[in-house]
Number of protein chains: 2
Amino acid sequence: MTEKPRPLRADAARNRARVLQVAYETFAEEGAAVPIDEIARRAGVGAGTIYRHFPTKESLFRAIVADRLRQVVERTREQAAVDPGEGLYAFLVHMAEQGATDLGLTEAFAGIGFDLAEALPDVEKEFTGLMADILAQAQRAGTVRSDVDVADIKTLIVGLQAMRRFRGDSELMHRVYPVIRAGLAAPPD
Amino acid sequence: MTEKPRPLRADAARNRARVLQVAYETFAEEGAAVPIDEIARRAGVGAGTIYRHFPTKESLFRAIVADRLRQVVERTREQAAVDPGEGLYAFLVHMAEQGATDLGLTEAFAGIGFDLAEALPDVEKEFTGLMADILAQAQRAGTVRSDVDVADIKTLIVGLQAMRRFRGDSELMHRVYPVIRAGLAAPPD
DNA sequence: ATATAAACGGAACGATCGCTCCGATTATAT
DNA sequence: ATATAATCGGAGCGATCGTTCCGTTTATAT
């Protein structure tokens, strides 16, 4: 059933990898609205070359976001294994800092012009599962109140990323994080 | 020194008022990126008529934001006078709910394509003064921890509006508000 | 009622952007 | 070395949007 895709020509494979790398950096810096021509220019290829590998701009963005989220999952699982009680807080801070370093990811997570659950259902499920796991872990460790669920965590991340991107430098955010932390650690009403 | 501006013709005054009203609603619904032609269509005028009263789209947006922020200041001062300890929390919830009802204001406050302090320095100062007053009031009443300042409050508002707009329905946000509240009420570390 | 000038609407201009197309180039098999 | 086909770059198409322009309409003063 599966067609065997004949291997890419050497120059095509090189260009594809270069486009992915440059798109990764460019979407992070400029967000999903950056023109394809800008990515092409930075990669030193023509726009046609990008469209030969990715049929639409959205499909390129999707590939980048999927890769990025899988990196976060891996990193977070490692950290959470080391310190169960702190895993969720470290994850929240890490996601918040993405607001400063990766605008594309921040937009994707907020759902700005991009429906994560619709475009990448598998990745979204994996990511939601991760959050459920480290939240439950923190609640078992007693560092997070029991009446908080995964939807609350997703919502907080959207807020934290917006704060980091649109208002807060690193110093200011490190005064905000303890407030969020105290709120999450407080006993239920 | 001041030139006396001769009064507008009756139809011009009517159109100007109608454009303002429609722009108010349209920016709230669609955000600052809505095409001018859409506002013109809804107002039943030509694009030229809008540009006769407001030299650029940005100047129209600025007029709307200024008006909107002054309304919030007035409303908040009244509320804060009634209940000093709750004034800040009521203000935060009100601003958060703007995330759902007024996209234009949310964008302006986050600084998305619009620098509030640069475009409307007087309004921005008034608004910052308001926040300083009700924060100090709450801290005096003992409902907010002492190590929080106005910059933190501005940052929290950006985050809360993003949460409300991009993730949270009203029910979910009413589970998030108590977390923020608990974080702000907690004693300093 | 008429003259005057203010105001009107919407066509059109120039810039931007996603995407397609095609003549020129280049990797690869022989 | 040559033939073949994959790949390339970038000009160009069509759509969108801010803004301007101008022939027509309309309010107002007389």
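Please read these numbers as outputs of a predicted model, since none were measured by experiment. Residue numbering restarts at 1 for every chain, and letters A, B, ... go by the order of the sequence lines.
Here the P atom of nucleotide D:dT7 and the CD1 atom of A:Ile50 are 16 Å apart, to the nearest Å. One can place CZ of A:Phe61 at 16 Å from C1' of C:dG18, the figure rounded to the nearest angstrom. Rounded to an integer number of Å, the gap from B:Asp37 CG to C:dA11 P is 10 Å. Atom-to-atom, CG of B:Leu60 to P of D:dG18 comes out at 11 Å; the value is rounded to the nearest Å. Rounded to whole Å, the distance from CD on B:Glu38 to P on D:dC17 is 10 Å. The interatomic distance linking B:Glu58 (CD) with D:dT19 (P) rounds to 9 Å, in whole Å. Residue A:Arg52 contributes atom CZ, which lies 8 Å from atom C1' of D:dG9 at whole-angstrom precision.
For A:Arg41, the side chain to side chain donor-acceptor pair (under 3.5 Å) partners two or more places apart in sequence, or in a different chain, are A:Glu38.
Residues B:Glu124 and B:Thr128 bring a donor and an acceptor atom of their side chains to less than 3.5 Å of each other.
Atom CD of A:Glu74 has 12 or fewer heavy atoms from other residues, nucleotides or ligands within 6.0 Å.
For DNA chain C, the neighbouring residues in residues 8-36 of chain A, judged by any heavy atom under 4.0 Å, are A:Arg9, A:Ala10, A:Asp11, A:Val34, A:Pro35, A:Ile36.
Contact check on A:Arg62 versus A:Glu58 returns a salt bridge, with a Lys/Arg side-chain nitrogen under 4.0 Å from an Asp/Glu carboxylate oxygen. With salt bridges taken as basic N to acidic carboxylate O contacts below 4.0 Å, one links B:Glu86 and B:Arg181. Between B:Asp133 and B:Arg77 there is a salt bridge, with a side-chain nitrogen of the basic residue lying less than 4.0 Å from a carboxylate oxygen of the acidic one.
Phosphate proximity of C:dA7 to B:Thr49: absent, as no side-chain N or O sits under 4.0 Å from OP1 or OP2.
Listed nucleotides: C:dC19, C:dC8, D:dT19. Nearest to the side chain of A:Tyr51: C:dC19.
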